[in-house]
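Structure record follows, encoded as structure tokens.
Quantities reported herein were computed from a predicted structural model and do not represent experimental measurements.
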Amino acid sequence: MKWMKFPKRYLIVVLTFISTCVCYIERVGFSIAYTVAADAAGINQSSKGTILSTFYYGYACSQVPGGWAAQKIGGRRVLLLSFVLWSSTCFLVPLDPNRVTVLVVARLLVGVAQGFIFPSIHTVLAQWVPPHERSRSVSLTTSGMYLGAAMGMLVLPSLVKFRGPQSVFLAEAALGVMWSFLWFKYATDPPRSEHQKATATSFGESMLPTKASQKIKAENGPSTVRTSKIPWKKILVSGPVWAIVVNNFTFHYALYVLMNWLPTYFELGLQLSLQEMGFAKMMPYFNMFIFSNIGGVLADHLITKRVMSVTKTRKFLNTVGFIVSSLALMALPIFRTSGGAVLCSSVALGFLALGRAGFAVNHMDIAPKYAGIVMGVSNTAGTLAGIIGVDMTGKLLEAAKAEYSDLSGPESWRAVFYIPGLLCVFSSFIFLLFSTGERIFD
């Protein structure tokens, strides 16, 4: 009986939280497993960067189509299809760094499949979660990314050591299949009849045509309250949308560079073994998990208690998060000990996650009906950051290795961490100037 009284929207949020957790176990897992396999095969840093960034090409291609598909056929269905596709790919593909074509095709497929996930999640949450719960719901859901990354960093190096790199692929596929079963069994679309008073904010509205809406249209003629036409031009020229886009780019540039290259920094830059670092190596991502949820709860508190308006709350948390993160990123190469590097990377990623209570929830503030579409547009920029940042970092390190003979000195890594640090400062000012918490799309 207690389970029956558990609000369905909470179950939906928990399941989306688990989905992002599993996705980021996969992403971190590939970088760990591939790095070990590639180093054993003598692959250089530039080539490693190319393979690691291949995922983001596929990911970028499916962001806007993912938002469109979620709008047309439902985020619930698209999310399930995405998980089935990438889990199957992980299960079937061998991890051999010398079979470059196979790896490139596989990572493109996984990227395309996972590109549908976040637009679908935002569409689902915009339907299920009322406005006063959105900050903490989105923060909880997205914090699954960081908990997944932390769990991956903690467990997967040992799995690689004892069972080999291929075992990571199989474990990730098993997790994806298990989540797909849970989503298929428990997830549903929201019943409109329960949320009649909230349609002004699109809460409880299905993005799909329903029999009820078709009946109303038949009775009242061609004019209806809602339309399926997506205001593409208005979205693409909107200042607040571009404020989200710029900050999404910067957030993911910093996140993807650290996610893909932090293992290399620990091993080659600081001469540390990931297996011997214990719990310390997971702290940057666990800190993101903690700060993401702090940001969500704090944002909802400031808004519901009317301490700040929605606009001021988003700007305040975004600015604090990005500015503190920029300082930590630029200080990172100065610290040459395990503790110092873990502290700086933890502060950098933790405050970036805090900043998500600003820009990352703003999709549903300004465009609740088109949250998946706007998320797809902004996440395309975030994915381009992964393509540019991960690949360019490999080239920067290869150039540094040629100049300094190895990657053990701080000068070899300075540009790697200064670039996202400066981007954080720039993005925070853009968000201050152009963002809003008001609804601008009907």
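Side chain of Trp179 to main chain of Thr16: no donor-acceptor pair is present (N/O by atom type, distance under 3.5 Å, no hydrogens or angles). Side-chain atoms of Trp68 never come within 3.5 Å of backbone atoms of Ile373 as a donor-acceptor pair (strictly under, hydrogens ignored). Although no hydrogens or angles enter the test, the distance criterion places no donor-acceptor pair under 3.5 Å between the side chain of Ser82 and the main chain of Val78. At least one donor-acceptor pair under 3.5 Å links the side chain of Gln166 to the backbone N or O of Val93. Looking at Ser31, its side chain does come within 3.5 Å of a backbone N or O of Val28 through a donor-acceptor pair. In this structure, Glu267 contributes its side chain and Thr264 its backbone to no donor-acceptor pair below 3.5 Å. Judged purely by atom type and a 3.5 angstrom limit, Thr89 uses its side chain to pair as donor or acceptor with the backbone of Leu85. No side-chain donor-acceptor contact under 3.5 Å links Trp86 to the backbone of Ala173. A side-chain donor-acceptor contact under 3.5 Å links Arg336 to the backbone of Gly269. Ser120 places no side-chain N or O within donor-acceptor distance of the main-chain N or O of Ala70, the cut-off being under 3.5 Å.
Ring centroid separation for the pair Phe83 and Trp183 does not come in under the 6.0 Å cut-off. Between Tyr24 and Tyr285, the ring centre distance reaches or exceeds 6.0 Å.
Within 6.0 Å of CH2 on Trp242 lie no more than 12 heavy atoms contributed by other residues, nucleotides or ligands. For Met330, the CE atom is densely surrounded, since the number of other residues' heavy atoms within 6.0 Å is greater than 12. Within 6.0 Å of NZ in Lys8 there are more than 12 heavy atoms belonging to other residues, nucleotides or ligands.
Two residues are said to be in side-chain contact when any heavy atoms from C-beta on lie closer than 4.5 Å; Leu52 and Thr393 fail this criterion. A 4.5 Å side-chain heavy-atom check between Leu258 and Pro284 finds every atom pair outside the cut-off. In this structure, Ser435 and Ile244 have side chains that are not in contact, with every pair of non-hydrogen atoms separated by 4.5 Å or more. Proximity of Val377 to Tyr370: side-chain heavy atoms (C-beta onward) are nowhere separated by under 4.5 Å. Contact of the Leu302 side chain with the Lys312 side chain is not registered, since no non-hydrogen atoms from C-beta on lie closer than 4.5 Å. Leu332 is not listed as a side-chain neighbour of Val416, based on a closest heavy-atom distance of 4.5 Å or more. Contact annotation: the side chain of Val168 approaches that of Val160 to within less than 4.5 Å [non-hydrogen atoms, C-beta and beyond]. When side chains are defined from C-beta on, Ile121 does not count as touching Val124, because their heavy atoms never get closer than 4.5 Å.
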Side-chain donor-acceptor distances from residues 420-433 under 3.5 Å, at least two apart:
unit_1	atom_1	unit_2	atom_2	d
Ser427	OG	Thr250	OG1	2.4
Ser427	OG	Leu423	O	2.9
Ser428	OG	Cys424	O	3.4
Ser428	OG	Val425	O	2.8

Report all side-chain donor-acceptor pairs from residues 343-358 shorter than 3.5 Å, counting only partners two or more places apart or in another chain.
unit_1	atom_1	unit_2	atom_2	d
Ser345	OG	Ala341	O	2.8
Ser345	OG	Val342	O	3.2
Ser346	OG	Val342	O	2.6
Arg356	NE	Tyr146	OH	3.3

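Applying the salt bridge (Lys or Arg N to Asp or Glu O under 4.0 Å) test to residues at least two apart or on different chains, the pairs with a partner in residues 95-110 are Glu26-Arg107.
Separation of atoms CD1 (Ile43) and NZ (Lys48) is listed at 9.5 Å; rounding is to 0.5 Å. In this structure, Leu175 CG and Met151 CE are separated by 7.5 Å, a value rounded to the nearest 0.5 Å. In this structure, Ile388 CD1 and Tyr253 OH are separated by 8.0 Å, a value rounded to the nearest 0.5 Å. Residue Met259 holds its CE atom at 9.5 Å from CE of Met153, rounded to the nearest 0.5 Å. Rounding to the nearest 0.5 Å gives a distance of 6.5 Å between CG of Leu95 and CZ of Phe30. Between the CG atom of Leu182 and the CG atom of Leu80 there is a distance of 11.0 Å, given to the nearest 0.5 Å.
A tilted orientation is assigned to the rings of Phe17 and Phe289, their planes being inclined by 30° to 60°.
Here the closest non-hydrogen pair linking Gly29 and Leu156 is CA-CD1, 3.3 Å. Closest approach of Pro119 and Gly115 over heavy atoms only: CD-O, 3.3 Å. Shown here for Ala60 and Ile387, the closest heavy-atom pair between the two residues is CB-CD1, 4.2 Å.
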Please test Ser143 against Leu140 for side chain to side chain contact (heavy atoms under 4.5 Å, CB included), starting from the C-alpha separation and ending with a verdict. CA-CA 5 Å; Ser143 72; Leu140 177 63; 4.0 Å; yes
Mind running side chain to side chain contact (heavy atoms under 4.5 Å, CB included) on Phe55 and Tyr256 for me, showing each step along the way? CA-CA 11 Å; Phe55 168 91; Tyr256 290 152; 5.5 Å; no
Could you please spell out the steps behind the side chain to side chain contact (heavy atoms under 4.5 Å, CB included) verdict for Val246 and Phe359? CA-CA 9 Å; Val246 170; Phe359 80 89; over 6 Å; no
If you apply the rule side chain to side chain contact (heavy atoms under 4.5 Å, CB included), what do you find for Gln127 with Ile12, and how did you get there? CA-CA 11 Å; Gln127 293 172 319; Ile12 295 295; over 6 Å; no
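Of the residues listed (Pro333, Ser325, Ser326), the one engaging Leu329 in a side-chain contact (heavy atoms from CB on, under 4.5 Å) is Ser325, and it is the only one.
Asp365 is linked by a side chain to side chain donor-acceptor pair (under 3.5 Å) to Arg314, Asn362, counting only residues two or more places apart in sequence or in another chain. Looking at residues two or more places apart in sequence or on another chain, you find a side chain to side chain donor-acceptor pair (under 3.5 Å) between Asp300 and Ser135, Arg136. For Thr50, the side-chain contact (heavy atoms from CB on, under 4.5 Å) criterion is met by Asp391, Lys395, not counting sequence neighbours.
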